[in-house]
> 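Take this structure, written in structure tokens, and hold onto it; I'll ask about it next.
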Protein chains: 2
Amino acid sequence: MPAEVSSASPASPPLTERQEARRRRILHASAQLASRGGFDAVQMREVAESSQVALGTLYRYFPSKVHLLVATMQDQLEHMHGTLRKKPPQGESAAERVAETLMRAFRALQREPHLADAMVRALTFADRSVSPEVDQVSRQTTVIILDAMGLENPTPEQLSAVRVIEHTWHSALITWLSGRASIAQVKIDIETVCRLIDLTSPETHE
Amino acid sequence: MPAEVSSASPASPPLTERQEARRRRILHASAQLASRGGFDAVQMREVAESSQVALGTLYRYFPSKVHLLVATMQDQLEHMHGTLRKKPPQGESAAERVAETLMRAFRALQREPHLADAMVRALTFADRSVSPEVDQVSRQTTVIILDAMGLENPTPEQLSAVRVIEHTWHSALITWLSGRASIAQVKIDIETVCRLIDLTSPETHE
DNA sequence: ATCAAGTCTGAAACTTGTTCTAGATTAGCG
DNA sequence: CGCTAATCTAGAACAAGTTTCAGACTTGAT
């Protein structure tokens with residue numbers, strides 16, 4: 001039986017069990033170090049040591065620190081998506097549900113602010129060489145938001161609104177992480193941008 | 001007593017003429033290198049050499065590469081604000097004028113994509129130690145947008161909308177710079193978010 | 001079991017941001 | 001002018017991301 005985990009990359013060569021285990025150890029070490037001290041605390045030598053892997057091997061699995069942290073984020077996002085699925089948001093309107101979902105995610109990040117710092121900084125600092133991975137994170141986020149909206153076939157307009165919501169989400173996180181915006185401020189920004197959803201979903205229109 | 005050589009905000013001790021000239025040379029070299037190869041091409045040793053200043057001096061003027069690039073951005077923003085003032089946007093509604101203004105700025109950035117890369121990456125990668133400077137950039141951007149709206153006394157709601165517009169602006173730039181979104185996509189995102197302005201200022205605002 | 005190809009390890013080397021030091025220069029002041 | 005503190009310079013040194021390499025280990029196919 002092929003242990004197909006439909007998680008990430010398209011057609012990467014299948015990993016042996018030991019390789020899968022290595023990959024897991026690395027991601028775990030990365031998240032642990034990140035939780036402790038954020039982006040700067042994730043030092044490649046330390047990640048290698050913590051996960052009992054040679055530095056060269058670490059770089060074979062993740063070609064840069066940013067790749068590693070983005071992969072860490074993919075990992076965490078899957079987790080979160082699972083959690084959110086179990087308790088779907090309760091709001092009346094789509095806008096309310098999306099805002100509630102994002103605020104829930106935000107509270108989760110607040111519990112591990114250093115980890116959030118590492119992941120989000122990596123995400124926005126990533127250059128073109130990490131585009132595929134960053135794009136994957138973006139798609140995953142889109143799925144979460146569309147889930148919250150409860151839409152099967154979003155219109156192009158609604159997809160634009162979702163894109164803008166994602167932009168706001170990332171950027172608001174950055175301002176919070178760098179101490180330039182309060183938690184309350186982020187909440188307001190999220191609620192503000194979510195109003196766009198009402199704009200793009202015409203009331204009674206069947 | 002260490003002399004603060006920070007850039008703008010409160011009361012930095014006055015610089016002598018030669019110091020002002022040094023600062024200018026440094027910023028010029030920074031922008032030039034950035035224009036050539038983006039964030040990575042701005043290497044502190046090269047900036048120092050290009051601007052005929054010792055490495056230690058460079059660090060006295062700008063305590064990190066990110067500080068330097070954010071200051072470069074402040075510089076460019078002032079330029080842009082001046083340019084925009086001369087030819088105010090023509091749109092009917094506030095939303096249109098803001099979108100037009102941002103698209104104009106976007107086109108300016110497209111002419112120097114590497115410079116844009118360096119500045120925007122620095123801006124979003126900046127940690128807490130650069131908050132004052134990043135905040136200054138943010139305030140300047142806010143002023144530009146409010147100018148385009150033509151508002152003297154924005155309501156809190158409108159300020160929230162402006163914040164969200166700025167979030168979208170930054171994040172959309174990032175996705176464009178890293179090749180994950182097309183120019184057309186960025187245009188759509190900007191136009192989409194600008195609709196928020198209509199939401200917060202109904203009909204004819206006196 | 002054996003061989004070839006691919007993978008992992010440990011360690012050193014290289015790159016670039018950042019810090020430090022000792023001595024030269026400059027600015028302000030009496 | 002001559003002094004003192006601040007600033008500037010050249011260059012070494014340090015830190016962390018990344019690359020490289022020779023040799024040991026695994027894996028898969030025969």
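Here is the naming used below: chain letters follow the sequence lines, and residue numbers restart at 1 for every chain.
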> Quickly work out the B:Leu58 CG to D:dA10 P distance and round it to whole Å.
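The answer, rounded to whole Å, is 13 Å.
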
> With nearest nucleotides of DNA chain C determined for B:Thr16 and B:Gly56 from heavy-atom distances, which residue corresponds to the more 5′ nucleotide?
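Result: B:Gly56.
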
> So that I know where these two stand, are A:Phe39 and B:Phe125 an aromatic pair - ring centroids less than 6.0 Å apart?
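For A:Phe39 and B:Phe125, the ring centres are under 6.0 Å apart.
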
> Side chains of B:His167 and A:Thr168: any donor to acceptor distance under 3.5 Å?
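A:Thr168 vs B:His167: no donor-acceptor pair found between side chains.
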
> Out of C:dT7, D:dG17, C:dG17, which nucleotide sits closest to the side chain of A:Arg45?
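The answer is D:dG17, which lies nearest to the side chain.
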
> For A:Arg22 and B:Lys65, find the nucleotide of DNA chain C closest to each by heavy atoms; which residue's nucleotide sits nearer the 5' end?
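The residue closer to the strand's 5' end, by nearest nucleotide, is A:Arg22.
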
> Rounded to whole Å, please give me the gap between CD in A:Glu20 and P in C:dC8.
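For the pair A:Glu20 CD and C:dC8 P, the rounded distance is 12 Å.
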
> Which of these nucleotides, C:dT9, D:dT18, D:dC8, is closest to any side-chain atom of A:Thr57?
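Side chain of A:Thr57 sits closest to C:dT9.
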
> Choose from D:dT7, C:dT16, D:dT18 the nucleotide whose nearest atom is closest to any side-chain atom of A:Ser64.
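So the nucleotide nearest the side chain must be D:dT18.
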
> Between B:Asp40 (CG) and C:dT16 (C1'), how many Å, whole number?
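About 10 Å, once rounded to whole Å.
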
> Using modelled atom types only, decide if a donor and an acceptor are shared between the side chain of A:Lys65 and the backbone of A:Val42 within a distance under 3.5 Å.
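Checking the backbone N and O of A:Val42 against the side chain of A:Lys65, a donor-acceptor pair under 3.5 Å is found.
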
> When we call it a touch if two heavy atoms are under 4.0 Å apart, what does A:Val47 touch: a base, just sugar-phosphate, or nothing?
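Nothing: the residue A:Val47, judged by heavy atoms under 4.0 Å, touches no strand.
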
> Go through C:dT9, C:dT18, D:dG17 for me and flag the one nearest to the B:Met44 side chain.
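Nearest listed nucleotide: C:dT18.
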
> Mind calculating the distance between CG (B:Leu33) and P (C:dG17) to the nearest angstrom?
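To the nearest whole Å, that distance equals 11 Å.
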
> Examine distances only and state if a side-chain atom of B:Ser138 and a backbone atom of B:Val134 form a donor-acceptor pair shorter than 3.5 Å.
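Side chain of B:Ser138 to backbone of B:Val134, a donor-acceptor pair under 3.5 Å: no, none is there.
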
> Measure from CD on A:Gln43 to C1' on C:dG17 and round the result to the nearest Å.
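The distance from CD of A:Gln43 to C1' of C:dG17 comes to 14 Å, rounded to the nearest Å.
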
> Could you pick out which residue, B:Leu55 or B:Gln52, lies toward the 5' side of DNA chain D when each is mapped onto its nearest nucleotide?
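So the residue in question is B:Gln52.
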
> Of the listed nucleotides (D:dT27, C:dT26, D:dT7), which one gets closest to any side-chain atom of B:Gln19?
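Between D:dT27, C:dT26, D:dT7, the one nearest the side chain of B:Gln19 would be D:dT7.
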
> With respect to the side chain of A:Tyr59, which nucleotide from D:dT19, C:dA27, C:dT9 is positioned closest?
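For A:Tyr59, the side-chain atoms sit closest to D:dT19.
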
> Tell me what A:Val42 touches on the nucleic acid: a base, only sugar-phosphate, or nothing, going by heavy atoms under 4.0 Å.
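Sugar-phosphate, backbone atoms only, no base.
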
> What is the distance from CZ of B:Arg60 to C1' of C:dT25, rounded to the nearest Å?
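Rounded to the whole Å, the gap is 13 Å.
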
> For the pair made of CG in A:Asp127 and P in D:dG17, what is the distance, rounded to whole Å?
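Between P of D:dG17 and CG of A:Asp127: 16 Å.
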
> I'd like to know if the side chain of A:Gln74 and the backbone of A:Glu133 have a donor-acceptor N/O pair within less than 3.5 Å.
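Judged by distance alone, yes, a pair lies under 3.5 Å.
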
> Specify the separation, in whole Å, of atom OH of A:Tyr61 and atom C1' of C:dT9.
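My rounded result for the distance is 13 Å.
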
> Among D:dT7, D:dA10, C:dA27, find the nucleotide with the atom closest to the side chain of B:Ala54.
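Ranking D:dT7, D:dA10, C:dA27 by closest atom to the B:Ala54 side chain puts D:dA10 first.
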
